[in-house]
> 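Handing you a structure now.
The first residue in the sequence is number 1, and the count goes up from there.
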Amino acid sequence: MQERWRRRRIHNRMPRYFFDYRDDAGLWTDESGEVLANLEAVERAALVALADAARDMALAGRQGSLSIQVRDGSGILLQGTMMLKTAASHPVVAMEAERRASSLTRR
């Protein structure tokens, strides 16, 4: 019983961090947050969360900017931003792909 009480007391002292996402479609705020031990754990969790969100965005075929802001009770602690853009959407790459496609149809 005493061990459980000690764990609960330690857990209650750890700060809660909120991970808010923003992309070209809008802003999603984290209402529940996550309890983490220190800023190193927060940074690691933010990087993993941003990578997961970028993967989901890419799998959905979406492009654009994606950012995450981590905040606690005092305000924003860190922010990370990614830009997802496929090479095919770049004008030079698109022209080269079109040129190759047209040369294949002429054969």
> Would you say that Y17 contacts D30 through its side chain, given a criterion of any heavy-atom pair below 4.5 Å between the two side chains?
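They are not in side-chain contact.
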
> When rounded to the nearest 0.5 angstrom, what distance separates CD1 in I68 from CG in L78?
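It comes to 8.0 Å.
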
> Looking at A46 and V70, what are the two nearest heavy atoms and their distance?
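Taking every non-hydrogen atom into account, CB-CG2, 3.8 Å.
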
> Hey, could you give me the CZ/CG distance between R22 and L27, rounded to the nearest 0.5 Å?
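R22 CZ to L27 CG: 4.5 Å, rounded to 0.5 Å.
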
> If you look at every heavy atom in D23 and A25, which pair is closest and at what distance?
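Taking every non-hydrogen atom into account, OD1-N, 2.7 Å.
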
> Does P15 reach the side chain of L36, with side-chain heavy atoms less than 4.5 Å apart?
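When only atoms from C-beta onward are counted, L36 and P15 do not touch, as no gap falls below 4.5 Å.
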
> Quick one: does any side-chain atom of R16 pair with a main-chain N or O of S32 as donor and acceptor, under 3.5 Å?
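The answer is yes, because a donor-acceptor pair under 3.5 Å joins these two groups.
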
> Nearest 0.5 Å please: distance from the CD atom of Q69 over to the CZ atom of F18.
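Answer rounded to 0.5 Å: 14.0 Å.
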
> Would L39 end up clustered with L50 when hydrophobic side chains under 4.5 Å apart are linked, directly or stepwise?
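Same cluster.
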
> To the closest 0.5 Å, what do you measure between CG (D20) and OG (S67)?
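Here the interatomic distance stands at 9.5 Å.
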
> Between CE of M57 and CG of L66, what distance do you get to the nearest 0.5 Å?
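Result: 5.5 Å between the selected atoms.
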
> For atom CZ of R71, is the number of surrounding heavy atoms from other residues, nucleotides or ligands below 6.0 Å larger than 12?
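Yes, because the 6.0 Å sphere around CZ of R71 holds more than 12 heavy atoms from other groups.
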
